[in-house]
Amino acid sequence: GVWRQTRALLFKNCLIKCRTKKSSVQEVLFPLFFLFWLILMSMMHPHRNYGEVANTNLGTLDTSMLVNFVIGYTPPTRMAREIMKKVAFDNFEDGIITEEYLSEEELQEASAFKPSNFVGVVFNDAMSYQLRFPDSVAMSSIYTESR
């Protein structure tokens with residue numbers, strides 16, 4: 001029955017492996033070679049851990065640079081409005097001009113026509129966002145690690 005067929009199949013496979021020694025050795029050595037290569041490459045480019053940065057007083061903010069500064073944001077949700085209101089009025093005496101846009105496409109069109117003092121903010125959800133500068137995108141991140 002089944003046991004005799006299984007035993008015959010195993011015996012056949014052993015005969016094939018013995019008769020084709022070159023390909024059998026390659027089947028074993030190539031994965032070991034690639035594993036060695038990966039280990040060697042990871043040792044040549046180790047992961048860097050950056051130490052903590054001490055708290056430093058940076059002094060007062062020069063608000064003259066923020067005159068006529070425009071921050072556009074999308075989508076116009078309640079949470080986004082609260083965050084942008086806090087950014088505009090709680091941190092600066094004169095306030096920063098904030099504009100809300102219904103879609104990311106509208107934000108991109110507005111940034112194309114606005115001067116260089118325009119920054120776009122695209123809220124992904126309540127806890128993450130992307131900053132959009134003219135002709136570039138910057139991801140918000142406090143801690144970055146090597147990729």
Are [X] and [Y] close enough that some pair of their side-chain heavy atoms sits under 4.5 Å apart?
{"X": "Val70", "Y": "Val119", "result": "no"}
{"X": "Phe34", "Y": "Ile39", "result": "no"}
{"X": "Leu102", "Y": "Pro75", "result": "no"}
{"X": "Met84", "Y": "Phe123", "result": "yes"}
{"X": "Glu27", "Y": "Ser24", "result": "no"}

Legend entry - Ion pair Lys86/Glu82, N-O distance below 4.0 Å: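 No.
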As an exercise, state the distance from [atom1] of [X] to [atom2] of [Y], rounded to the nearest 0.5 Å.
{"X": "Cys14", "Y": "Arg19", "atom1": "SG", "atom2": "CZ", "value": "11.5 Å"}
{"X": "Glu104", "Y": "Glu109", "atom1": "CD", "atom2": "CD", "value": "12.0 Å"}
{"X": "Glu106", "Y": "Ser103", "atom1": "CD", "atom2": "OG", "value": "4.0 Å"}
{"X": "Ile16", "Y": "Phe11", "atom1": "CD1", "atom2": "CZ", "value": "11.0 Å"}
{"X": "Leu29", "Y": "Phe36", "atom1": "CG", "atom2": "CZ", "value": "13.0 Å"}
{"X": "Ile83", "Y": "Thr98", "atom1": "CD1", "atom2": "OG1", "value": "12.5 Å"}

Counting N and O atoms only, with roles assigned by atom type, does the side chain of [X] sit under 3.5 Å from a partner on the main chain of [Y], one being a donor and the other an acceptor?
{"X": "Thr74", "Y": "Tyr101", "value": "yes"}
{"X": "Thr77", "Y": "Ala80", "value": "yes"}
{"X": "Ser128", "Y": "Asn124", "value": "no"}

Inset, instruction - Heavy atoms only: give me the nearest Tyr73-Leu107 pair and the separation to one decimal. - result: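 Answer, listing the atom of Tyr73 first, then Leu107: N-CD1, 4.1 Å.
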Inset, instruction - Please answer: with hydrophobic residues joined when any side-chain heavy atoms are less than 4.5 Å apart, are Val25 and Val28 in the same cluster? - result: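 Both belong to a single hydrophobic cluster.
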Inset, instruction - Decide whether Leu35 and Met43 are clustered together by the hydrophobic rule: side chain heavy atoms of Ile, Leu, Val, Met, Phe, Trp, Tyr closer than 4.5 Å, transitively. - result: yes
